[in-house]
Amino acid sequence: MDIPAFDPAARRIALVRRPADNLAEGQLTHIERVPVDLGLARTQWAGYVAALAAEGWDVIEVEPAPLLPDSVFIEDAVISFGDIAVLTSPGAPSRRDETAGAEAAVRGLGIPVHRLALPGTLDGGDVLKIGRTVYVGRSLRTNDAGIDQLRDILVPRGYTVVAVPISKVLHLKSAVTALPDATVIGYPPLVDDSTVFEPFLPVPEECGTAVVVLAPDAVLMSSAAPRSAALFAARGYRVVTVDISEFEKLEGCVTCLSVRIR
């Protein structure tokens, strides 16, 4: 049976992937390892999924990968650009098997797939989309060859790809994300060069750097950053918070835990 062409305007879809049994063995780069409570992580993941659903997102679960500890961070495996998806080429060899399940999920939605390939590497967490501008962190996980491959896919579609240096955190979106009005937000000690972004709004807490845009007037963020939440609320946004403490222990944030098809 033919799968109809995907229309990104017809549904608000979020892909998620449940935590693996060995979640606590996930990769770390810039922070010390501390114990992770798997039971609590599963409860927090369910709360995150429920928050997306309550905001009107159609949540689709990618096939679990019980032996891949970082697989819950589905954002790193596939990136959505409107009516196409780009399968990444993860920088950590232990994460490269994560893309198979992500590919099956997007193909099941009828979304055309493009693929990055070694020696290029690129993690989805290094990609920040703001309108037709795509910022890509040049990090421990994403190299110039990977950025060039992504640029080759996106420039013919009307996007501008801007490479950004990243040295203080795992991914670009560990340092900065953007509000619905395109204001880039970040915790200054984690940002290599804030002048790349215009406008840029500093936030007062490390966990306040990451937001998921739920709607033009609403964002989802970690409950561990109440002062940042108040800052966004003062700008007129409705702020939904979730506890993701166990994922933050693994350098994760609210953006990592889903792929919004948009």
Side-chain angles (χ1 to χ4, degrees), residues 12-20 23-24 26 28 31 34-62 64 69-78 80 124-125 127-129 169-181 183-187 190 201 203-262:
R12 291 199 304 163
I13 295 173
L15 303 179
V16 299
R17 199 175 209 170
R18 67 180 57 245
L23 173 68
L28 289 177
I31 62 176
V34 295
V36 172
D37 184 327
L38 179 59
L40 179 56
R42 287 173 169 156
T43 298
Q44 291 176 346
W45 180 83
Y48 175 90
V49 170
L52 289 174
E55 292 294 322
W57 288 80
D58 185 357
V59 181
I60 295 177
E61 186 173 343
V62 176
D70 288 300
S71 58
V72 69
F73 302 122
I74 184 63
E75 177 184 58
D76 291 323
V78 63
S80 169
V127 178
L128 175 62
K129 298 175 292 178
V169 287
L170 173 60
H171 290 133
L172 175 62
K173 283 193 284 192
S174 304
V176 297
T177 57
L179 296 172
D181 67 358
T183 298
V184 175
I185 58 172
Y187 183 57
L190 303 181
L201 175 68
V203 299
E205 298 142 310
E206 181 173 347
C207 290
T209 62
V211 297
V212 169
V213 174
L214 296 171
D217 65 342
V219 295
L220 176 71
M221 64 178 293
S222 169
S223 60
R227 288 181 292 155
S228 301
L231 178 66
F232 305 150
R235 293 173 70 92
Y237 292 109
R238 182 169 54 84
V239 180
V240 178
T241 62
V242 288
D243 183 2
I244 55 165
S245 63
E246 301 312 289
F247 302 103
E248 289 166 342
K249 294 175 181 178
L250 296 165
E251 296 179 293
C253 62
V254 288
T255 64
C256 307
L257 294 169
S258 63
V259 175
R260 282 75 58 204
I261 305 298
R262 55 190 177 88

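Counting from 1, the numbers follow the sequence of the chain as shown.
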Asker: Restricting to non-hydrogen atoms, name the atom on Arg235 and the atom on Asp181 that form the minimum distance, rounded to 0.1 Å.
Answerer: NH2-OD2, 3.7 Å
Asker: With a 4.5 Å limit on heavy-atom distance, are the side chains of Val72 and Arg17 in contact?
Answerer: no
Asker: With rounding to the nearest 0.5 angstrom, report the CG to OG1 distance, Leu38 to Thr43.
Answerer: 9.5 Å
Asker: If you look at every heavy atom in Val169 and Ala175, which pair is closest and at what distance?
Answerer: CG2-CB, 3.8 Å
Asker: State the CD1-CZ distance between Ile13 and Arg262, to the nearest 0.5 angstrom.
Answerer: 13.5 Å
Asker: When you compare the side chains of Tyr48 and Ser258, does any donor N or O come within less than 3.5 Å of an acceptor on the partner?
Answerer: yes
Asker: Between the side chain of Arg12 and the main-chain N/O of Arg260, is any donor-acceptor distance below 3.5 Å?
Answerer: no
Asker: Under the 3.5 angstrom rule, does the side chain of Thr177 hit a backbone N or O of Thr209 as a donor-acceptor pair?
Answerer: yes
Asker: Under a 3.5 Å distance rule, please check whether Asp70 uses its side chain to pair with a backbone N or O of Gly26 as donor and acceptor.
Answerer: no
Asker: Picking from Val242, Leu257, Val16, what satisfies side chain to side chain contact (heavy atoms under 4.5 Å, CB included) with Val49?
Answerer: Val16
Asker: Please report the shortest heavy-atom distance between Pro204 and Leu231, naming the atom on each side.
Answerer: CD-CD2, 4.4 Å
Asker: Measuring only between side-chain heavy atoms, which start at C-beta, is Lys249 closer than 4.5 Å to Pro35?
Answerer: no
Asker: Apply side chain to side chain contact (heavy atoms under 4.5 Å, CB included) to the pair His171 and Asp76, showing each step before the final yes or no.
Answerer: CA-CA 10 Å; His171 290 133; Asp76 291 323; 3.4 Å; yes
Asker: Taking all heavy atoms of Ser174 and all of Leu190, pick out the closest pair and write down the distance.
Answerer: O-CD1, 3.9 Å
Asker: For the side chain of Trp57 and the backbone of Ala51, is there at least one donor-acceptor N/O pair under 3.5 Å apart?
Answerer: no
Asker: Take Ile60 and Ile261 through the side chain to side chain contact (heavy atoms under 4.5 Å, CB included) test and state the conclusion after the steps.
Answerer: CA-CA 11 Å; Ile60 295 177; Ile261 305 298; over 6 Å; no
Asker: What are the two closest heavy atoms between Val219 and Pro180, and how far apart are they?
Answerer: CG1-CD, 3.6 Å
Asker: Has the side chain of Lys173 got a donor or acceptor atom that lies under 3.5 Å from a matching backbone atom of Ala210?
Answerer: no
Asker: To the nearest 0.5 Å, what is the distance between OG on Ser228 and CD on Glu206?
Answerer: 10.5 Å
Asker: Using a 3.5 Å distance criterion without hydrogens, assess whether the side chain of Glu246 forms a donor-acceptor pair with backbone atoms of Asp37.
Answerer: yes
Asker: If you measure from CE on Met221 to CG on Leu179, what distance do you get to the nearest 0.5 Å?
Answerer: 9.5 Å
Asker: Hey, what do you get for CZ (Arg18) to CD1 (Ile74), rounding to the nearest 0.5 Å?
Answerer: 13.0 Å
Asker: Does Glu251 have more than 12 heavy atoms from other residues, nucleotides or ligands lying within 6.0 Å of its CD?
Answerer: yes
Asker: Restricting to non-hydrogen atoms, name the atom on Val254 and the atom on Val212 that form the minimum distance, rounded to 0.1 Å.
Answerer: O-CG2, 3.6 Å
Asker: Within a strict 4.5 Å, meaning less than it, do heavy atoms of the Val240 and Arg238 side chains meet?
Answerer: yes
Asker: Side-chain contact, heavy-atom cut-off 4.5 Å: Leu250 with Phe73?
Answerer: yes
Asker: Drop me the distance from Leu170's CG to Cys256's SG, to the nearest 0.5 angstrom.
Answerer: 7.5 Å
